[in-house]
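The structure appears right after this line, and notes come after that.
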There are 2 protein chains.
Amino acid sequence: MALMHLMATNPNRPVYLKLRDQIAAAIIDGVYPEGEMLPSVRALAAEHGANPLTVAKAYQQFQNDGLVEVQRGVGMYVVKGAAERLRAREREAFLRDEWPEIRARMARLGLDPADLAIFT
Amino acid sequence: MALMHLMATNPNRPVYLKLRDQIAAAIIDGVYPEGEMLPSVRALAAEHGANPLTVAKAYQQFQNDGLVEVQRGVGMYVVKGAAERLRAREREAFLRDEWPEIRARMARLGLDPADLAIFT
DNA sequence: ATGGCTGTATTATGGCACTGATGCACCTCA
DNA sequence: TGAGGTGCATCAGTGCCATAATACAGCCAT
């Protein structure tokens, strides 16, 4: 009832944000390997039934962060070390911004993270 | 980078949702005791510098869920057993909708809930 | 060189969520 | 009975999001 309305799985969540989350996960997991080319905005748009501009908006922040490089007329490539940099950045942000709140919320609901760790 | 933009602490989060979270927590923690009257929409609005209608929207869902009863011209009261019902409902929703995603996200970031349980 | 692929800038539009101002119906209490 | 407190309905304004239709600039293989 708190975060639920805005989780990554929430269909109401803006498309460009859902795409951004998915792309970040794919980079970290090596689905989009370093040095390799990312799917074109048009291809990814067609795959998701979205607008190419919406996909471009999802790609935008990765460029700003230097995790992805653009070769005009060719495509976008994953920078060397992008996966580890992205993972470190997300981990830091998670521990700083999200975890304390999740922890407090679970405490209020009478839940212990250590117990729930069993669920793989 | 995923949930961060939509956490309860995020200033971009809609006011009525932040209020709703806070009210739910207050009911569960007994800050608003069962049988007692809730702060009026105008009072709570003034306290938070928000619009009375925004507060009313935050109260809305609690009425729909039968956790709060309205006496027209008087005020809104917390129903008997509302705290426990609310806690049970939130816990179920958390485990079903939020925890799996959080768990997967932590796994991707190389984090173990059992280890982080130390942080109180 | 030409066709086909890249990303991107521009402009316009529709939809929707959020917030706000005003006024009304209702109740309680002096 | 009148004053002041409830919740709530109506209408309007604002901004973000997504889409669309073009058009342009660059690269590459044929």
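Each chain gets a letter, A, B and so on, in the order the sequences are listed, and its residues count up from 1. Treat the numbers as computed from the prediction; the structure is a model and nothing was measured.
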query = Taking N51(A) for the side chain and L53(A) for the main chain, is one N or O donor matched with an acceptor at less than 3.5 Å?
reply = yes
remark   = Sequence neighbours excluded, the answer for salt bridge (Lys or Arg N to Asp or Glu O under 4.0 Å) partners of R91(B) is none
inquiry  = Rounded to whole Å, how long is the line connecting atom CG of L38(B) with atom C1' of dT6(D)?
reply    = 13 Å
message = In whole Å, I'd like the distance from the OH atom of Y77(B) to the P atom of dG7(D).
response = 10 Å
ask   = Quick one: N12(A) CG to dC18(C) C1', roughly how many Å, whole number?
value = 14 Å
query = Does the side chain of Q60(A) get closer than 4.0 angstrom to OP1 or OP2 of dG7(C) through an N or O atom?
reply = no
ask   = Is the closest basic N to carboxylate O distance between E84(B) and R87(B) below 4.0 Å?
value = yes
Donor-acceptor contact present, side-chain E90(B) to main-chain L109(A), <3.5 Å = no
message = Return a single string for nucleotides 19-30 of chain C, one symbol per nucleotide in 5' to 3' order, where B is base contact, S is sugar-phosphate-only contact and - is none, cutoff 4.0 angstrom on heavy atoms.
response = SBB---BBBS--
ask   = Rounding to a whole Å, what distance do you find between E69(B):CD and dT6(D):P?
value = 19 Å
message = Measure CE/M76(A) against C1'/dT8(C) and give the value in whole Å, please.
response = 11 Å
key: Rounded interatomic separation in angstrom, taking CG from N64(B) and P from dG7(D)   = 15 Å
message = Any carboxylate oxygen within less than 4.0 angstrom of a Lys/Arg side-chain nitrogen, looking at E98(B) and R105(A)?
response = yes
ask   = Would you say D112(B)'s side chain and A114(B)'s backbone share a donor-acceptor pair under 3.5 angstrom?
value = yes
